[in-house]
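Notes for the one structure printed next.
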Amino acid sequence: MKKITILLCASLFTGTISAQPDVKKAAKSVFTIKTFAADGSLLTSSNGFFIDEKGAAISSYTPFRNAAKAVIIDTQGKEYPVECMLGANEMYDVTKFKVSIKRSVPLPIASAPVKEGDKLWLIPYSAKKTPESKSGIIEKAEKFQTDYDYYTITLAAPGNTVSCPFLNDRGEVVGMMQKPVKANSPTSYAISAKFGSDMKMTGLSINDPALRGINIKKDLPDDIDQAILTLYITGTADSARYAQVVEDFIAKFPQAPDGYVARAQLESNANKFGAAAADMEQALKVAAKKDDVHYNYARLIFQKELYKNHLPYADWNLDKALGEAVAAYGINQVPAYQQLQGQILFAQKKYDEAFNKYIELANGGQKQAEIYYEAARCKEMLNDSTAMLAMLDSAVNTFTKPYLKAAAPYLFTRAQAYVKAGKYRQAILDYNDYESLMSAQLNDNFYYLRYQTEMAGHLYQQALNDISKAISKAPGNAVYHAEKAALELRVGHYGDAAVTAAECIRIDPALSDGYLFLGYAQCLQGKKAEGIKNLQKAKELGDGQAQGLIDKYSK
């Protein structure tokens with residue numbers, strides 16, 4: 001008798017373990033989903049199920065590809081829109097999204113792993129009635145991405161059950177049905193529901209190819225630092241998408257200043273300065289680190305005053321910008337805040353004060369090329385060329401040879417300063433260093449500029465090489481040919497000058513220089529009749545030098 005009782009208890013215990021889950025209750029979590037293209041046409045239908053009470057759900061990725069809208073229909077026949085995407089993986093055909101619903105009935109994600117030989121129940125979607133579940137045995141459980149399983153199940157899947165849940169005997173969702181390899185297959189496949197549940201948005205998700213393949217709004221990350229990263233990344237993309245992300249950020253993180261600062265920039269760009277000012281004041285109100293907001297406010301006003309000064313806004317001016325920059329530096333002595341003060345003072349034409357700000361920065365350890373360059377600009381405006389060159393020397397000296405490309409703009413600027421100071425050979429050395437750094441990006445203008453400097457420095461062979469390079473990059477520029485012809489005459493290459501001048505005439509017959517230099521070259525070659533004829537043509541075109549040459553060679 002005792003043995004029979006023990007066997008009966010064991011049988012009851014075994015029956016409890018393998019008992020079918022509450023299908024009626026589980027079915028409330030399952031829904032059908034319809035996706036639509038931008039023109040409103042139906043793309044496809046599938047299934048899905050809720051995984052939390054706030055409307056988070058998972059389904060297949062395939063129905064969402066290129067979708068601009070989606071709705072779900074629950075077991076009561078009620079329709080709810082998909083609000084935003086929470087994750088997507090095209091390779092494993094899984095999406096996570098949020099449905100706009102007050103409260104959803106979720107399926108709990110399985111807390112314990114299942115193994116080969118365990119029984120699972122497939123819960124299909126069914127409107128207003130308890131669906132008939134189908135059970136199958138796990139034939140194989142294969143790991144992927146370390147923490148998740150892909151299941152092979154001995155079950156001939158009923159039609160229209162893709163993306164429906166597989167439950168264990170405790171009513172927990174283990175996997176999501178995937179599309180069968182072929183119709184009427186005796187085997188089904190499911191991907192871990194935990195894989196879909198664990199999906200989350202990060203700061204880089206906004207550029208994820210799978211999510212970009214869906215035209216439904218994407219949710220911001222729950223982590224504010226990741227959400228700020230999304231703001232930054234989206235700011236480099238199209239403006240319409242960025243504006244939406246900014247609004248979403250403010251709605252999700254109303255106590256963070258970043259959204260208000262971003263929206264203020266958009267409003268200022270649209271000349272809505274009052275709205276921008278209001279958002280910056282709100283940012284100051286909620287910010288824990290107010291120095292950063294003061295700094296951004298100063299930059300916003302400064303940009304407006306630099307580029308949109310013709311659009312007056314009474315509350316904004318350079319004094320206001322300077323005050324915000326000073327306030328930022330008063331809270332936190334960040335070098336960038338002091339540098340901005342220097343830039344604003346420069347815009348106010350307070351060049352001595354601006355210069356002092358930059359020197360304070362340099363003496364305080366900010367020995368950067370940019371700081372010395374801005375100091376040099378102050379001295380340029382004060383007509384102090386000696387001090388200007390000293391500052392440019394300091395800028396270039398922040399780099400060591402062999403120079404990196406970052407040194408290029410400072411070398412070029414110093415070269416131009418040397419030219420103004422009449423130090424042509426020093427200028428050429430800087431132009432040469434600049435060329436070695438920027439050779440792939442150089443155009444005809446650079447070689448023409450260096451040619452002019454070489455001419456001023458009486459370096460005629462180098463000048464001839466550079467005007468030839470300018471012509472090779474812009475062969476249709478008649479002025480370059482005229483310049484070359486003049487130089488060839490100067491160095492005694494009369495035959496070459498005649499050829500170059502003839503090409504100048506071919507390119508632009510209305511340019512008198514071509515006829516002048518051709519005629520002059522011909523006269524120097526002893527071809528006076530031809531030369532005077534071309535000099536006469538130059539005179540007819542208005543050249544003031546032609547008559548003197550005609551008089552000289554007509555004798």
Do [Y] and [X] meet the salt-bridge criterion of a basic N to acidic O distance under 4.0 Å?
| X | Y | result |
| --- | --- | --- |
| Lys527 | Glu530 | no |
| Glu305 | Lys320 | no |
| Glu90 | Arg212 | no |
| Glu380 | Lys420 | yes |
| Lys252 | Asp219 | yes |
| Lys217 | Asp248 | yes |
| Asp93 | Lys179 | no |

Do Lys304's NZ or CZ and the ring of Tyr313 fall within the cation-pi criteria of under 6.0 Å and 45°?
no
Angle class for the Phe273/Trp316 ring planes (parallel below 30°, perpendicular above 60°, tilted otherwise)?
tilted
Do other residues, nucleotides or ligands put more than 12 heavy atoms under 6.0 Å from [X] [atom1]?
| X | atom1 | result |
| --- | --- | --- |
| Lys272 | NZ | no |
| Lys34 | NZ | no |
| Lys290 | NZ | yes |

Go through Arg450 and Glu454 one step at a time and tell me if the salt bridge (charged side-chain N to carboxylate O under 4.0 Å, His left out) criterion holds.
CA-CA 6 Å; Arg450 190 167 66 178; Glu454 289 158 342; 3.7 Å; yes
On a heavy-atom basis, the closest approach of Ala501 and Gly514 is CB-O, 3.5 Å
Which residue pairs pass the ring pair (Phe, Tyr, Trp, His ring centres under 6.0 Å) test with at least one member in residues 320-354, sequence neighbours excluded?
Tyr295-Tyr337, Phe346-Tyr351
